[in-house]
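Heads up, the thing below is written out as structure tokens.
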Number of protein chains: 2
Amino acid sequence: MTPDLLTAWQAYQRMRVLLNGRINRELGRETGLSEADYDILFFLEQSTQTSVRSVALRCGLAWEKSRLSHQLRRMEQRGLIEKAPGAVIRLTDKGRAQIAAARDCHEAAVQRYLGDVLTAEQLAALATISGQVVARLHQDAPPHGD
Amino acid sequence: MTPDLLTAWQAYQRMRVLLNGRINRELGRETGLSEADYDILFFLEQSTQTSVRSVALRCGLAWEKSRLSHQLRRMEQRGLIEKAPGAVIRLTDKGRAQIAAARDCHEAAVQRYLGDVLTAEQLAALATISGQVVARLHQDAPPHGD
DNA sequence: TCAACTTAGTTGATACATCAACCCCGAGCT
DNA sequence: AGCTCGGGGTTGATGTATCAACTAAGTTGA
């Protein structure tokens, strides 16, 4: 492991842990939603259709099936979504309201911690780097797992 | 939120989720250690002293106290560490053996998914970006919390 | 027709993360 | 002395993530 790689890895790890901790905490405190909640609601809201099949969620979020199942059960109990027959998921009015509020909070955080700090070149570099790593992950253990 | 920022954020998020999931899964499968276990054991092993006070762990890892307490309890039950009076933590032989094995696995993964994929410039850019974001996080909500 | 296979989804067990509430002890103050 | 106060550490409750085992429904093929 070269020093460059070690340095980059440790710096990345630190950013990952701190940045995500911070955003999750802000989101939870201000909106009562977890990151998992947010991801689900955001996907449903962005979707052009009014209802989405579970499998589309699983695909789009790259989640395990059991994780999704548990999460959807909890969210249904809280009234954020509803399940229709045929493994179809729909946003409730409450869910729609919460994601709208949360999006502002979330985008503000991303702007504050990334947008305000990085140059356009750095943003582009981050996107490129991420894309390359993700491509490597896909090529390396493709079957279907994660 | 500019398109550049959105793109970078989404790409980063995807990398973060997939890369970390993959590394954690490999680590768990091949060594039986979680990321949390690894962080603790790595810190203890790197430490020059044979024993470390809890508070040093909390500081070095930037963990919440309750998180550390729960984690140390579980690890003591599994025989990876032992607690001495005075909030002192020590690696057991078993713990020392496991972290040695895990380090190889972990470094191989980092090499495979980052080192083999990114150029030296990209590694440097990633380190710089991470450093800037972390600095922003510290300046923004410094007290001592997270 | 029926049996072996896939794939979507659920469930239960276990581990992990976070919050709030608590215990303990030593530093400072009256 | 007796006090409070703050920090280190623990605990319990709750939400979250992962794995393994299971159900159910559709496919293929003998």
Side-chain angles (χ1 to χ4, degrees), chain A residues 16-41 51-89 98 141 143-146, chain B residues 16-41 52-89 98 143-146:
Chain A
R16 176 180 68 81
V17 171
L18 294 180
L19 179 58
N20 234 69
R22 178 73 60 88
I23 291 184
N24 285 344
R25 217 162 297 121
E26 287 186 9
L27 200 62
R29 181 160 23 85
E30 299 187 18
T31 73
L33 296 178
S34 68
E35 183 190 5
D37 297 330
Y38 184 84
D39 289 343
I40 299 271
L41 294 179
S51 56
V52 169
R53 315 208 72 230
S54 294
V55 68
L57 268 169
R58 259 188 53 208
C59 250
L61 298 176
W63 278 20
E64 277 193 36
K65 58 186 181 174
S66 70
R67 179 183 178 188
L68 183 64
S69 181
H70 286 303
Q71 184 68 31
L72 291 177
R73 177 177 42 73
R74 288 188 298 257
M75 291 177 74
E76 188 184 25
Q77 282 171 358
R78 287 190 289 155
L80 296 173
I81 59 161
E82 55 189 10
K83 297 190 192 182
V88 163
I89 308 299
Q98 298 227 15
H144 85 288
D146 67 293
Chain B
R16 177 180 67 82
V17 171
L18 294 180
L19 178 59
N20 234 70
R22 178 73 60 87
I23 290 183
N24 285 344
R25 215 163 298 120
E26 287 186 8
L27 201 62
R29 182 161 22 83
E30 300 187 18
T31 73
L33 296 179
S34 68
E35 184 190 4
D37 298 329
Y38 185 85
D39 289 343
I40 299 271
L41 294 179
V52 170
R53 316 207 72 232
S54 293
V55 68
L57 268 168
R58 261 187 54 206
C59 241
L61 299 176
W63 278 19
E64 278 193 35
K65 56 184 182 177
S66 70
R67 179 184 178 188
L68 183 64
S69 181
H70 285 304
Q71 183 68 31
L72 290 178
R73 176 178 41 73
R74 287 189 298 257
M75 291 177 72
E76 187 184 25
Q77 281 170 359
R78 287 190 289 153
L80 297 173
I81 59 162
E82 54 187 12
K83 298 190 190 180
V88 163
I89 308 297
Q98 296 226 17
H144 83 288
D146 75 288

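Please read all numbers here as calculations on a predicted model, not as lab measurements.
- Taking a cutoff of 4.0 Å between a charged side-chain nitrogen and a carboxylate oxygen, A/R16 and B/E35 qualify as a salt bridge.
- Rounded to an integer number of Å, the gap from CD of B/E64 to P of D/dG15 is 17 Å.
- Between A/K83 and C/dT10, a side-chain N or O to OP1/OP2 separation shorter than 4.0 Å is present.
- One interatomic measurement links the two molecules: CZ of A/R16 to C1' of C/dA17, which rounds to 13 Å at whole-angstrom precision.
- Along DNA chain C, the nucleotide nearest to A/G21 and the one nearest to A/A87 differ in position, and the one closer to the 5' end is contacted by A/A87.
- Atom CH2 in A/W63 sits roughly 15 Å away from atom C1' in C/dG9 (whole-Å rounding).
- Toward the 5′ end of DNA chain D lies the nearest nucleotide of B/V55, the other residue of the pair B/V55 and A/K65 mapping further downstream.
- Taking 4.0 angstrom as the limit, A/S66 places none of its side-chain polar atoms (N or O) nearer than this to OP1 or OP2 of D/dT18.
- Under the side-chain contact (heavy atoms from CB on, under 4.5 Å) test applied with B/Y38, the options B/N24, B/I23, B/L27 reduce to a single match, B/L27.
- Remark: A/R67 is not in phosphate contact with D/dT16, judged by side-chain N or O atoms under 4.0 Å from OP1 or OP2.
- Straight-line distance from the CG atom of B/L57 to the C1' atom of D/dG7: 17 Å, rounded to whole Å.
- Donor-acceptor pairing under 3.5 Å, judged by distance alone, is absent between the side chain of B/S34 and the base of C/dC16.
- Straight-line distance from the CG atom of A/L27 to the P atom of C/dA17: 19 Å, rounded to whole Å.
- Set against C/dA15, C/dG9, D/dA17, the side chain of B/R74 has C/dA15 as its closest nucleotide.
- Rounded to an integer number of Å, the gap from A/R73 CZ to D/dA17 P is 12 Å.
- The CG atom of B/L18 lies 8.0 Å from the CZ atom of B/R22; values are rounded to the nearest 0.5 Å.
- Checking A/R67, A/R74, A/R73 one by one against A/H70, the side chain to side chain donor-acceptor pair (under 3.5 Å) holds for a single residue, A/R73.
- Among the nucleotides D/dC19, C/dT10, C/dC19, the one closest to any side-chain atom of A/S69 is C/dT10.
- Judged by distance alone, with hydrogens and angles left aside, the side-chain atoms of A/S69 form no donor-acceptor pair with the main-chain N or O of A/K65 at under 3.5 Å.
- Between A/L68 atom CG and D/dC19 atom P there is a gap of 15 Å when expressed in whole angstrom units.
- Between the base of D/dG12 and the side chain of B/H70 there is a donor-acceptor pair shorter than 3.5 Å.
- Using a 4.0 Å heavy-atom distance criterion, A/D37 is classed as a sugar-phosphate-only contact.
- Atom CD1 in B/I40 sits roughly 11 Å away from atom P in C/dC16 (whole-Å rounding).
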